[in-house]
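FYI, side chains are in, hydrogens and waters are out, and symmetry mates aren't considered; it's all heavy atoms of this structure. Sequence lines set the chain letters: A, B, ... in the order given, protein chains first and strands last, and positions in each chain run from 1.
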2 protein chains.
Amino acid sequence: MTKSNTSRSTLHQTILADLERKIVSGEWPPGHKLPFEVELARSYEVSRMTVNKVMTQLTKAGLIERRKRSGTFVAKPRGQSAILEITDVEAEVRALNLPYSYKLMSSVIRKANRHDAALLEVPGTTDILEIRALHMAHGEPFCLEERLINLGTVPEAAHAPFADGPAGAWLVQRVPWSAAEHKIFAITATADIARLLEIAARVACLLIQRRTWSTAGPVTFVRFTYPGEKHAIVASFTPAAG
Amino acid sequence: MTKSNTSRSTLHQTILADLERKIVSGEWPPGHKLPFEVELARSYEVSRMTVNKVMTQLTKAGLIERRKRSGTFVAKPRGQSAILEITDVEAEVRALNLPYSYKLMSSVIRKANRHDAALLEVPGTTDILEIRALHMAHGEPFCLEERLINLGTVPEAAHAPFADGPAGAWLVQRVPWSAAEHKIFAITATADIARLLEIAARVACLLIQRRTWSTAGPVTFVRFTYPGEKHAIVASFTPAAG
DNA sequence: GAAGAAAACATGTATATACATATTAATGCC
DNA sequence: GGCATTAATATGTATATACATGTTTTCTTC
């Protein structure tokens with residue numbers, strides 16, 4: 001192909017974003033076989049080298065797995081990333097081999113107040129959905145979730161079936177995030193939290209705050225409160241050399 | 001150059017590891033100007049493309065900054081990585097614009113007991129160095145550090161001047177880590193910890209455990225205890241598309 | 001038909017080349 | 001000297017090509 005790229009983003013970025021979308025949206029589920037490099041090169045009208053570089057990056061990001069002679073496959077979700085994983089409470093519970101259940105406690109649509117506006121970085125006029133829910137392991141409280149969803153960015157969330165399962169799982173299917181920020185705190189349980197989590201007041205809890213943005217704007221702000229000293233966040237890293 | 005790579009690792013990996021070592025070891029300090037791509041290509045006897053791919057990766061890892069026509073420079077340490085940063089207590093304190101000081105409380109060399117051996121993943125016969133120290137901000141306790149160093153991997157640590165400054169800074173200069181694991185807990189301060197950190201007993205604290213390995217084996221196990229609810233760990237991420 | 005050798009195949013790495021893009025340096029003009 | 005224009009330069013992206021490396025398939029041979 002001759003070179004004439006009229007758009008502003010590079011071919012590399014375009015192809016990477018396209019493949020990534022297909023994977024994280026579930027259009028290509030785990031185990032799905034991707035087209036061969038030469039086929040992708042033909043369909044995107046680029047050279048194999050360009051496709052290969054994109055694939056290499058996706059491999060390092062853990063989204064795909066490649067085997068010589070066999071081809072390329074969407075990776076099994078062994079944690080989309082070390083950090084994304086820490087807020088998939090259901091997977092966390094199941095990894096402990098405990099039965100998981102989910103209890104929606106409240107779900108309210110309202111205008112953002114000043115507090116919400118600050119947390120979500122939205123103007124005060126925005127509609128937001130506020131959710132409070134408990135993640136249960138073996139019938140006992142495992143984690144308290146308090147969530148704000150920006151209906152300006154995700155209007156369809158207003159009618160989502162959040163009574164059936166965690167909002168996080170619903171969101172990640174529909175709204176691919178392009179940035180996320182986590183803050184982790186140790187807090188002392190307030191009376192309110194202690195009652196919900198069925199622990200004594202003033203016990204130390206692990207608090208994880210997560211904010212995500214899509215290209216369309218802020219998506220959600222969520223606070224996970226884990227009771228007591230048993231819980232840990234684990235993150236493993238290797239430097240660039242990987 | 002004709003192709004004849006006798007070694008087992010690729011040129012890419014070799015060059016990446018070499019440049020990374022020069023940067024993290026401080027041989028090339030922040031702001032240092034790297035040779036041009038063509039010069040590196042000449043000195044490593046590879047093509048510019050190969051060097052360019054390495055440089056692209058180092059740029060994404062945040063180790064270098066590149067400007068067209070100007071060249072390539074070692075990046076200022078705006079946190080070597082979001083996670084490495086969380087255990088550079090001195091930088092953390094200075095970022096808050098507070099005067100930093102360091103107080104070594106104890107430093108003992110001994111054989112690893114069963115507990116140490118489990119934490120560091122070393123046999124019980126290994127010599128270890130155990131350090132206890134306080135990081136102070138504005139003269140007040142900011143963070144308690146409890147550290148085990150594997151003298152089997154880092155024998156020279158036995159004579160390092162750990163009274164002068166944090167062991168972490170000394171180690172990162174000498175022993176480039178190839179893998180790290182973090183665990184984060186909320187704990188309730190024991191009487192011992194409360195006394196050292198000058199807080200009330202049973203206050204919630206944030207506990208960060210960090211283990212690092214070099215290619216030669218386990219390097220260090222360290223526990224940072226931050227008092228109270230003021231402290232947060234912050235991590236920002238963007239998915240592969242970056 | 002089973003075992004082993006050879007071919008086919010998909011990815012992995014590296015090269016040489018070309019041109020785009022951003023920024024600095026040099027130049028010419030008044 | 002000041003200012004716009006042009007040239008030089010280093011990085012950024014993409015291509016076509018070549019060969020290496022593991023796997024899987026196919027083909028021999030017994």
Regarding A:Thr56, tell me which of base, sugar-phosphate or nothing describes its non-hydrogen contacts under 4.0 Å with the strands shown.
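No contact at all - A:Thr56 keeps every heavy atom at 4.0 Å or more from the nucleic acid.
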
Could you check A:Arg67 against A:Val51 and say which one's nearest nucleotide on DNA chain D is further toward the 5' end?
A:Val51

Would you state whether a donor and an acceptor, one from the side chain of A:Arg48 and one from the base of C:dG12, lie under 3.5 Å apart?
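For A:Arg48, whose side chain was compared with the base of C:dG12, there is a donor-acceptor pair (under 3.5 Å).
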
Between D:dG22 and A:Arg66, counting only base atoms on the nucleotide and side-chain atoms on the residue, is there a donor-acceptor pair under 3.5 Å?
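It does not, because no donor-acceptor pair links the side chain of A:Arg66 to the base of D:dG22 below 3.5 Å.
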
Round to a whole Å and report the spacing from [atom1] of [X] to [atom2] of [N].
| X | N | atom1 | atom2 | result |
| --- | --- | --- | --- | --- |
| B:Gln13 | D:dT21 | CD | P | 13 Å |
| B:Gln57 | C:dA14 | CD | P | 12 Å |
| A:Met49 | D:dG12 | CE | C1' | 14 Å |
| A:Arg42 | D:dT15 | CZ | C1' | 17 Å |
| A:Tyr44 | D:dT15 | OH | P | 14 Å |
| A:Leu11 | D:dG12 | CG | P | 17 Å |
| A:Ile64 | C:dA10 | CD1 | P | 16 Å |
| A:Glu39 | C:dC9 | CD | P | 13 Å |

Select one nucleotide: of C:dG12, C:dA14, D:dA14, the one nearest the side-chain heavy atoms of B:His12.
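For the B:His12 side chain, the nearest candidate turns out to be C:dA14.
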
For A:Arg66, enumerate each residue passing the side-chain hydrogen bond (donor to acceptor under 3.5 Å, both in side chains) test, keeping only those at least two apart in sequence or located in another chain.
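In terms of side-chain hydrogen bond (donor to acceptor under 3.5 Å, both in side chains), with neighbours along the sequence ignored, A:Arg66 is linked to A:Glu37, A:Thr72.
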
Please confirm whether the shortest side-chain N or O distance from [X] to OP1 or OP2 of [N] is below 4.0 Å.
| X | N | answer |
| --- | --- | --- |
| B:Thr50 | C:dT13 | no |
| B:Thr10 | C:dG12 | no |
| A:Ser70 | D:dT24 | yes |
| B:Thr72 | D:dT11 | yes |

Would you say A:Thr153 and A:Ser214 make side-chain contact, with heavy atoms under 4.5 Å?
yes

Protein-nucleic acid N or O pairs under 3.5 Å, nucleotides 6-9 of chain D:
unit_1	atom_1	unit_2	atom_2	d
D:dA8	N3	B:Arg69	NH1	3.0
D:dT9	O4'	B:Arg69	NH1	3.3

For the side chain of A:Ser9 and the backbone of A:Thr14, is there at least one donor-acceptor N/O pair under 3.5 Å apart?
no

Listed by chain and number, what are the side chain to side chain contact (heavy atoms under 4.5 Å, CB included) partners of A:Ala160, not counting sequence neighbours?
A:Phe162, A:Trp170

Partner set under side chain to side chain contact (heavy atoms under 4.5 Å, CB included) for B:Lys22, not counting sequence neighbours:
B:Asp18, B:Glu27, B:Trp28, B:Tyr44

Run the salt bridge (Lys or Arg N to Asp or Glu O under 4.0 Å) test against B:Arg67 and tell me which residues pass, sequence neighbours left out.
none

Any salt bridge (Lys or Arg N to Asp or Glu O under 4.0 Å) pairs touching residues 215-224 of chain B, not counting sequence neighbours?
B:Glu146-B:Arg223

